[in-house]
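Report on the structure given below.
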Amino acid sequence: MQRKHLDDMPCPIARSLERVGEWWSILILRDALHGLRRFDEFQQSLGIAPNMLTRRLNALVDAGLLERRRYSERPPRYEYVPTMRGRDFRPVLIALLAWGNKHFAPEGASVQLIDTATGAAVDPIMVDGATGRPIKAPEYAFAPGPAAPERTRRRYASIPREKVPAEQPHIPAKAGPAARKRSVP
């Protein structure tokens with residue numbers, strides 16, 4: 001069976017998976033965003049076969065997520081540096097980390113996100129950049145965008161949406177628990 005390519009699909013999730021959908025690619029990006037740069041560093045960190053690592057690095061370079069830079073002329077050696085597109089993948093990794101810790105770490109977190117100023121563990125959430133409100137259903141939902149083809153518009157039109165509960169007071173995202181208690185009637 002031949003692998004299906006997702007590039008031609010109008011879905012941004014499908015198009016993203018075309019670039020990073022193989023788990024080795026995501027782990028390579030994780031390591032690159034942690035500062036690993038060289039082939040042997042990736043190989044040592046991941047225990048990946050050299051031929052597979054070569055294929056994944058080339059695919060990530062072709063997708064514009066990593067940039068290949070020569071650091072040695074004799075013999076020719078390269079390092080792999082995250083591009084802006086690659087650095088923009090960091091929130092995806094943070095979301096995977098939080099999801100994995102919540103659902104697949106019964107022994108507890110082996111890696112966590114911390115506030116570097118205090119060392120305290122943080123619980124990342126996705127928020128609306130305009131309002132600071134947490135993005136969660138039913139207040140937020142997927143909808144067709146301006147470039148959506150008719151098929152996508154029909155698919156999203158057929159999806160029943162949860163009803164948004166009665167008007168609730170807006171609580172700023174940065175308010176602490178005490179402020180949240182005070183603002184609830």
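Since the structure is predicted, the reported quantities are computational estimates derived from the model, not experimental observations. Note that these values count all heavy atoms, side chains included, but never hydrogens, waters or copies made by symmetry.
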Using the side-chain contact (heavy atoms from CB on, under 4.5 Å) rule, take R55 and W24 through it: C-alpha gap first, then chi angles, then the decisive distance, then the call.
CA-CA 10 Å; R55 281 197 301 271; W24 282 123; over 6 Å; no
Under 3.5 Å donor-acceptor, R85 side chain and A63 backbone:
yes
How are the rings of F142 and Y156 set to each other: parallel, tilted or perpendicular (split at 30° and 60°)?
tilted
Distance (rounded to the nearest 0.5 Å) between I26 CD1 and L17 CG:
7.5 Å
With the 4.5 Å side-chain cut-off for hydrophobic clustering, are L113 and I125 part of the same group?
no
Quick check: are there more than 12 heavy atoms from other residues, nucleotides or ligands sitting under 6.0 Å from CZ of R155?
yes
For residues A148 and P144, report the shortest heavy-atom separation together with the two atoms involved.
CB-CB, 3.7 Å
Here the gap from L29 atom CG to L65 atom CG, rounded to the nearest 0.5 Å, amounts to 5.5 Å
Can you tell me how far CD of E139 sits from OG1 of T131, rounded to the nearest 0.5 angstrom?
10.5 Å
Step-by-step side-chain hydrogen bond (donor to acceptor under 3.5 Å, both in side chains) determination, Y80 to R37:
CA-CA 5 Å; Y80 298 87; R37 297 287 181 262; over 6 Å; no
On a heavy-atom basis, the closest approach of L57 and L66 is CD2-CD1, 3.9 Å
Working note: R133 + Y140, criterion side-chain contact (heavy atoms from CB on, under 4.5 Å); need CA distance, chi angles, decisive distance, verdict.
CA-CA 10 Å; R133 289 177 29 224; Y140 293 87; 3.5 Å; yes
With no hydrogens and no angle check, is any side-chain donor or acceptor of R153 less than 3.5 Å from a backbone partner on G145?
yes
Which heavy-atom pair separates A121 from Q112 by the least distance, and what is that distance?
CB-OE1, 3.6 Å
W23 and L36: same hydrophobic cluster, using ILVMFWY side-chain contacts below 4.5 Å?
yes
Do I135 and L96 belong together in a cluster built from hydrophobic side chains that touch within less than 4.5 Å?
no
Is there a path of hydrophobic side-chain contacts, each under 4.5 Å between heavy atoms of I, L, V, M, F, W or Y residues, that connects W99 with V122?
no
Give the minimum heavy-atom separation between L93 and R30, together with the two atoms involved.
CD1-CA, 3.6 Å
Does P138 reach the side chain of R161, with side-chain heavy atoms less than 4.5 Å apart?
no
For F42 and L27, what are the C-alpha separation, side-chain angles and deciding distance, and is it a side-chain contact (heavy atoms from CB on, under 4.5 Å)?
CA-CA 9 Å; F42 292 116; L27 294 175; over 6 Å; no
Any donor-acceptor pair under 3.5 Å linking the side chain of R70 with the backbone of P76?
no
Is the shortest side-chain N to carboxylate O distance from R56 to E22 below 4.0 Å?
yes
L33-L46 co-clustered via ILVMFWY side chain contacts under 4.5 Å:
yes
Heavy-atom pair of closest approach, residues L53 and I28
CD1-CD1, 3.6 Å
Which atom pair, heavy atoms only, marks the closest approach of P124 to A98?
CG-CB, 3.7 Å
Counting only N and O atoms by type, is there a donor-acceptor contact under 3.5 Å from the side chain of T83 to the main-chain atoms of G64?
yes
If we ignore hydrogens and angles and just use 3.5 Å, is the side chain of S45 paired with the main-chain N or O of E41 as donor and acceptor?
no
